[in-house]
Q: 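Shown below is the structure under consideration.
A note on names: the letters A, B, ... follow the listed sequences, proteins ahead of strands, and every chain is numbered from 1. Any value given below was found using the heavy atoms of this structure, including those in side chains, with hydrogens, waters and symmetry copies removed.
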2 protein chains.
Amino acid sequence: MKNVTIADVAKAAGVSVTTVSRFINGNYKKMSDTTKQRVQQTITNLHYAPKASARKMRQDFSQMIGVVVGDISNVFSSLLFKGIYDVLQPAGYDVLLMNSNNSLITEQNELARLFTQQVDGLILQPNAKTFTPYQQIQTAQLPLVMVDRETLNQPQDVATVVSSNFDASHQLAVRLASQGYQHIITVSRTLAETSAQSKRIAGFTAGAIQSQQTMTNLETAHHDRNWLQQQLHSKIATTIGKTAVVSLMGPVLFDLLAVCRSLHLTFPNDIGLISFDDWTWSQYVNDGIFLLQQQPELMGHVAAEKLLQQIQQTPITTMTYIPVKTIEKASL
Amino acid sequence: MKNVTIADVAKAAGVSVTTVSRFINGNYKKMSDTTKQRVQQTITNLHYAPKASARKMRQDFSQMIGVVVGDISNVFSSLLFKGIYDVLQPAGYDVLLMNSNNSLITEQNELARLFTQQVDGLILQPNAKTFTPYQQIQTAQLPLVMVDRETLNQPQDVATVVSSNFDASHQLAVRLASQGYQHIITVSRTLAETSAQSKRIAGFTAGAIQSQQTMTNLETAHHDRNWLQQQLHSKIATTIGKTAVVSLMGPVLFDLLAVCRSLHLTFPNDIGLISFDDWTWSQYVNDGIFLLQQQPELMGHVAAEKLLQQIQQTPITTMTYIPVKTIEKASL
DNA sequence: CTGTTAGCGCCTTCAA
DNA sequence: TTGAAGGCGCTAACAG
């Protein structure tokens with residue numbers, strides 16, 4: 001039982017390949033009902049399935065979209081993908097998912113592969129600081145949507161979907177002041193200039209200046225949990241007034257909780273504890289952790305829709321900010 | 001600037017298409033260094049990228065693998081995918097990811113699309129109870145690996161990777177008895193016969209019989225949290241002896257924690273609390289929740305490796321059980 | 001070491 | 001309402 005082609009179907013049905021092709025593509029206009037029936041029948045009999053690759057040769061689109069995320073084992077990425085998929089699949093697109101491991105080199109390699117696959121569009125959580133490595137995509141006229149991270153020197157017309165990280169952080173800082181917190185300590189894992197974390201730091205800094213609080217960031221990238229513990233201990237021990245500690249990404253919260261336990265710091269008594277997190281598990285830690293939550297699924301949704309619009313040449317708004325949700329819990 | 005083809009490169013480099021083709025495919029054996037250089041140069045100059053679809057027409061493989069998971073927003077699925085991807089991508093395969101939403105209909109539709117895309121192999125977290133809907137895959141000689149769920153009437157030679165759900169549950173029941181627990185209540189969300197949850201129930205039941213404990217399952221699929229609360233309350237209120245409550249899947253643990261809080265049940269004092277969960281967030285709830293943890297990433301790894309072996313016609317062991325890890329915490 | 005050429009399966013213009 | 005035929009970009013005989 002070899003590969004069955006459109007010709008096989010045509011022969012078996014006693015019609016021409018053209019007719020079969022028309023049938024496949026839903027061009028029923030010029031086709032008698034009898035023919036239609038017969039073709040349909042033969043197709044199911046022979047288990048015929050048209051081959052996408054052959055199709056792609058003749059058309060100049062592939063009905064495939066490439067998605068490159070930073071780390072699919074991350075809740076953010078997987079929810080983002082879900083949002084994307086739920087829009088693209090019903091629209092008739094198959095999705096090639098690639099995982100860049102937050103590495104620019106891997107990412108560039110994957111982009112090359114997606115080019116080779118002739119995807120009709122690209123949704124990208126970029127790893128590079130600047131837009132330069134993505135210039136080629138624009139040059140190739142390939143519809144593109146950037147998600148979650150803004151690159152520097154990015155042309156105005158590049159569609160982008162990010163969280164309102166700066167605003168949410170800024171507002172929270174001001175609110176913290178109004179609740180009597182005089183010091184803010186943020187804890188990040190990486191300081192990549194373009195990362196969401198940097199925007200958050202910037203937001204808190206701006207808010208702290210405005211509200212006359214102190215603001216420090218602890219960068220844990222090259223340190224272990226002990227280091228964090230020491231830093232936190234010395235900061236808080238030597239400080240007068242209420243301190244709020246903010247985890248700038250989900251995984252950091254794990255570290256922070258461990259450290260608090262070791263240091264016998266309770267919240268909201270000893271410190272205020274806040275975290276950015278895209279997952280609500282922490283509502284079961286004590287009376288819950290105060291959360292700033294992105295909306296990755298919504299972001300995926302919006303990004304996919306923008307991509308489709310680009311493919312259909314519909315003009316789009318290029319920069320979209322998705323609000324960060326505040327989940328109020330007793331840790332503050 | 002139109003599509004640049006292999007012919008364009010050939011012309012520009014002053015060689016034949018064959019030579020270019022050979023170069024692309026790494027057939028350097030019969031090629032002078034000068035030619036090689038020239039072709040390389042021209043390719044980069046022209047930004048040439050070979051088109052996968054044209055290639056696929058000539059070869060009978062696509063270098064693409066289809067993966068269908070139940071719910072990508074689930075930690076299990078996303079870690080599973082990561083495991084798969086980390087093996088397949090380095091091996092030169094691109095991965096088409098599909099999300100069946102745990103629906104058989106969606107899944108079948110997606111399988112059809114993957115056929116159309118002529119994937120070289122399939123990794124599937126199946127939704128059907130029986131193997132029948134997947135018969136066609138076998139008939140089409142398409143390499144296939146089933147993950148996470150066993151179907152009924154499944155041919156012996158179908159490669160499968162599942163967690164050792166039964167054994168882990170069985171052993172835990174026995175252990176519970178030895179710790180003085182006389183009653184086991186499991187809480188599930190669905191009772192799909194082939195689901196991992198059913199295997200777990202079976203394991204606990206077998207262990208309970210062996211150790212002379214009572215064993216009840218609470219099926220929450222068509223009920224709300226209130227119902228669960230009432231059930232649990234009445235069971236525990238009317239019971240003499242220690243009771244262990246087991247969440248059979250991660251999300252159920254959320255419900256259970258909420259219910260415990262409402263009923264003022266503490267663990268391990270009032271009840272023993274245990275959960276299957278593929279995510280370790282719960283270590284920060286009180287002194288941590290006792291966990292039975294699958295190893296989705298490892299499962300993906302193994303599944304992908306099995307698939308590659310099938311593609312290379314290497315004989316494989318068809319059924320593999322991946323051990324469930326026990327994370328001992330104070331909730332027991 | 002290099003080139004010529006025949007298809008792979010499908011869509012689409014053109015003709016009937 | 002249907003069919004015939006060319007060609008999409010690439011690979012792999014086969015021929016130098």
Q: Would you kindly give the CZ-to-C1' distance between Phe61(A) and dC8(D), to the nearest whole Å?
A: 13 Å

Q: Quick one: side-chain hydrogen bond (donor to acceptor under 3.5 Å, both in side chains) partners of Glu297(A), sequence neighbours excluded?
A: none

Q: Of all residues at least two apart in sequence or in a different chain, which pass the side-chain hydrogen bond (donor to acceptor under 3.5 Å, both in side chains) check with Gln310(B)?
A: none

Q: For Lys11(B) and dG3(C), give me the distance from atom NZ to atom C1', rounded to whole Å.
A: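 Whole-Å distance recorded here is 16 Å.
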
Q: When you compare the side chains of Gln37(B) and Thr34(B), does any donor N or O come within less than 3.5 Å of an acceptor on the partner?
A: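 No pair is found: no donor N or O on one side chain lies under 3.5 Å from an acceptor on the other.
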
Q: Within the distance-only criterion (no hydrogens, no angle test), does the side chain of Thr160(B) pair as donor or acceptor with the backbone N or O of Val158(B) below 3.5 angstrom?
A: yes

Q: Would you find a donor on one side and an acceptor on the other, under 3.5 Å apart, between the side chain of Arg113(B) and the backbone of Gly92(A)?
A: yes

Q: Show me the protein contacts with nucleotides 10-13 of chain D, counting only N or O atoms at under 3.5 Å.
A:
{"from": "dC10(D)", "atom 1": "OP1", "to": "Tyr48(B)", "atom 2": "OH", "distance (Å)": "2.5"}
{"from": "dC10(D)", "atom 1": "OP1", "to": "Lys51(B)", "atom 2": "N", "distance (Å)": "3.3"}
{"from": "dC10(D)", "atom 1": "OP2", "to": "Ile6(B)", "atom 2": "N", "distance (Å)": "2.4"}
{"from": "dT11(D)", "atom 1": "OP1", "to": "Arg55(B)", "atom 2": "NE", "distance (Å)": "2.8"}
{"from": "dT11(D)", "atom 1": "OP2", "to": "Ser21(B)", "atom 2": "OG", "distance (Å)": "3.0"}
{"from": "dT11(D)", "atom 1": "O2", "to": "Arg58(B)", "atom 2": "NH1", "distance (Å)": "2.8"}
{"from": "dA12(D)", "atom 1": "N6", "to": "Thr18(B)", "atom 2": "OG1", "distance (Å)": "3.3"}

Q: With sequence neighbours left out, what residues match Glu110(B) under side-chain hydrogen bond (donor to acceptor under 3.5 Å, both in side chains)?
A: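 Listed in chain order: Tyr85(A).
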
Q: May I have the distance from Arg38(A) (atom CZ) to dT1(D) (atom P), rounded to whole angstrom?
A: 15 Å

Q: Whole Å only: how far is the CD atom of Gln63(A) from the C1' atom of dC11(C)?
A: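 Atom-to-atom, Gln63(A) to dC11(C), this comes out as 14 Å.
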
Q: So which pairs with a foot in residues 60-75 of chain A pass side chain to side chain donor-acceptor pair (under 3.5 Å), sequence neighbours left out?
A: Ser62(A)-Asp120(A), Asp71(A)-Ser73(A)

Q: Tell me, which of residues 109-119 of chain B have any heavy atom that sits under 4.0 Å from an atom in DNA chain D?
A: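 Contacts with DNA chain D under 4.0 Å: none.
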
Q: Rounded to whole Å, please give me the gap between NZ in Lys56(B) and C1' in dG9(D).
A: 13 Å

Q: Would you please say whether a donor-acceptor pair under 3.5 Å links the side chains of Glu107(B) and Tyr134(B)?
A: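 Tyr134(B) and Glu107(B) do have a side-chain donor-acceptor pair below 3.5 Å.
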
Q: Whole angstroms only, please: what is the CZ-P distance between Phe23(A) and dG3(D)?
A: 15 Å

Q: Under 4.0 Å, heavy atoms only, any strand: does Thr35(B) hit a base, just the sugar-phosphate, or nothing?
A: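 Result for Thr35(B) = sugar-phosphate.
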
